[in-house]
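Computed from heavy atoms alone, side chains included, the values below leave out hydrogens, waters and symmetry copies. In what follows, chains carry the letters A, B, and so on, assigned in the order in which the sequence lines appear, proteins first and then strands, with residues in each chain numbered from 1.
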Amino acid sequence: MINTSTSLLGALRPETRERLLETARDVSFAAGQRIFNEGQRADRFWVLRTGSVSLDLHVPGRQAAVVETLHSGDLLGWSWLFRPYQWHLGAQALSPVRALEFDATVVRELCEADPLAGRAITHRLAEIIGHRLQAARTRLLDLYGPYGSGPMP
Amino acid sequence: MTAAPVPYRVVRRIEESPATVTLVIEPDGAALPAFRPGQFAVLRGFGAGQGVGEGVGEAAVAVSGILEHRSRLAHTVTSAGTVPAALHAARPGSVLGVRGPFGTDWAPEAADGGDVLVVAGDDGLAPLRPLVRSVLARADRFQRISLLVGARTPAELLYRHELRCLADASAAHVTVTVDRPATGWRDRVGAVTRQLDGVPFDPSATTAFVCGPEAMVLDTARELLHRGVPGGRIRVSPERNVCCATGRCGRCRLGPVPLCGEGPVVGYDRVAGLLAVQEL
């Protein structure tokens with residue numbers, strides 16, 4: 001199932017989606033396999049078809065902390081869109097994963113060559129990033145605390 | 001509804017987490033009128049040598065289980081606060097004073113023919129548990145049934161075994177997520193609202209039932225509204241301190257709405273503006 005709110009492909013116009021899909025290939029990851037590591041070059045991204053992926057953050061001297069999980073329909077990776085094109089987080093397959101893999105350089109070139117498609121793709125990515133930022137900020141409130149956040153000023 | 005507490009005996013005590021227990025109680029005589037999912041009782045704990053009328057105080061607690069067998073009820077209580085601590089400490093054989101039923105119920109029949117979406121945050125799963133059981137007992141009346149549960153940590157998840165059973169062997173699509181995973185946690189991590197992405201539901205034909213801390217209720221309801229679920233079909237039960245259960249003390253008021261009398265379950269369209277007001 002492709003989700004309706006945050007998927008990259010679901011929100012694009014058919015012609016833009018087709019052009020993007022022409023650059024994609026099917027890949028799979030075994031459960032436990034590292035997909036990328038924090039600080040590495042972000043030269044690809046994925047749309048998950050099945051399975052789950054954890055995003056983690058390196059903590060010196062400790063086990064990497066899992067900060068979020070992604071699932072079917074989710075976009076995996078957006079650091080490829082902005083310089084310095086390095087992953088901010090690491091990613092690991094939690095279960096067997098099938099995904100569509102996109103070459104970041106090819107997609108950036110597509111965006112440059114076709115401004116309409118480029119605007120649609122970057123606009124959608126901005127929405128996804130904004131949605132995740134909002135979710136992360138909400139979690140900062142300690143959502144499940146007795147009254148959501150700290151004392152009122 | 002009864003004015004005087006009726007004695008109920010604790011027949012089972014289930015430790016859900018270090019701070020939370022579920023007490024299964026049955027009447028020690030005549031039973032109270034039947035409870036509906038979402039309603040609450042006022043429980044009175046007792047110290048040594050005290051009778052039904054002389055407890056250490058009262059607490060309003062939603063029913064977390066409504067059992068036909070011997071008219072049993074379940075209540076899930078935490079050890080926070082003086083009165084809940086007395087209830088938390090109750091053991092099988094202890095007698096509690098119980099008044100009720102109070103308040104509005106989830107009214108699941110409003111979802112007949114459509115999709116059911118239940119979203120629980122932390123202890124908010126307790127008042128939703130009888131609703132989930134009720135809906136699953138007549139699952140053929142609905143299109144799709146989904147249960148989303150969020151908690152701060154795995155240790156704070158209520159009814160873990162039951163959730164696993166529901167995920168494995170029920171008609172419901174069950175998603176469990178935590179904010180802070182412990183070592184070995186293999187399930188989801190992230191905000192409960194983010195999990196809506198993977199849930200199959202038709203917004204215009206969905207009735208949502210949301211319970212948890214108010215920040216979570218507000219965030220979830222806004223997200224559902226954004227996705228097209230009508231405000232009147234988003235039923236919420238904000239966690240306010242229901243105290244006297246008569247509307248007199250005012251501790252449970254959400255602006256003009258006394259949640260003990262006109263709630264705890266209300267339509268989001270009625271309280272959306274109130275939940276957004278600071279310090280209300």
Side-chain angles (χ1 to χ4, degrees), chain A residues 1-8 10-11 31-32 47-57 59 62-75 89 91-95 127-128 130-153, chain B residues 78 80-81 120-125 149-153 156-158 173 175-203 212-220 222-224 226-228 238-241 275 278-280:
Chain A
M1 172 183 26
I2 297 294
N3 57 41
T4 54
S5 177
T6 58
S7 76
L8 174 64
V47 172
L48 305 184
R49 302 179 73 174
T50 60
S52 306
V53 172
S54 62
L55 296 177
D56 53 41
L57 197 59
V59 183
R62 285 165 49 187
Q63 197 175 25
V66 175
V67 293
E68 189 162 20
T69 53
L70 301 177
H71 308 271
S72 170
D74 278 336
L75 168 73
L89 302 168
Q92 180 169 331
L94 275 175
S95 61
E127 279 186 332
I128 293 171
H131 189 73
R132 291 188 187 171
L133 176 63
Q134 181 60 29
R137 284 175 170 167
T138 306
R139 284 170 67 193
L140 285 176
L141 285 174
D142 191 7
L143 203 63
Y144 306 114
Y147 294 97
S149 62
M152 296 293 293
Chain B
T78 68
D122 208 46
D123 293 349
L125 182 56
V149 180
R152 187 191 285 122
T153 65
E156 289 165 271
L157 270 173
L158 297 179
H173 171 99
T175 298
V176 177
T177 185
V178 297
D179 272 3
R180 300 176 202 162
T183 303
W185 175 255
R186 304 294 299 170
D187 215 322
R188 293 172 181 242
V189 179
V192 72
T193 46
R194 279 269 292 124
Q195 314 312 317
L196 287 167
D197 288 335
V199 176
F201 67 99
D202 171 7
E214 288 182 16
M216 172 265 167
V217 168
L218 184 61
D219 199 49
T220 304
R222 282 176 171 167
E223 185 63 31
L224 290 170
H226 175 68
R227 289 168 188 250
E239 285 185 357
R240 286 262 156 162
N241 288 327
L275 281 171
Q278 286 192 22
E279 298 187 65
L280 185 63

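For a residue to count as touching a neighbouring chain, one of its non-hydrogen atoms must lie under 4.5 Å from one of that chain's; by this rule L55(A) does not touch chain B.
Listed here is the closest heavy atom pair of V66(A) and V189(B): CG1-CG2, 3.8 Å.
Rounded to the nearest 0.5 Å, atoms CZ (R222(B)) and CD (Q134(A)) are 9.0 Å apart. Distance check: D219(B) CG to R137(A) CZ gives 13.0 Å after rounding to the nearest 0.5 Å.
Residues satisfying the side-chain contact (heavy atoms from CB on, under 4.5 Å) criterion with T175(B), sequence neighbours excluded, are L148(B), H173(B), R188(B), Q195(B). For D187(B), the salt bridge (charged side-chain N to carboxylate O under 4.0 Å, His left out) test picks out no residue, with sequence neighbours left out.
Between R194(B) and H71(A) the shortest side-chain heavy-atom distance does not fall below 4.5 Å.
Although no hydrogens or angles enter the test, the distance criterion places a donor-acceptor pair under 3.5 Å between the side chain of R186(B) and the main chain of L94(A).
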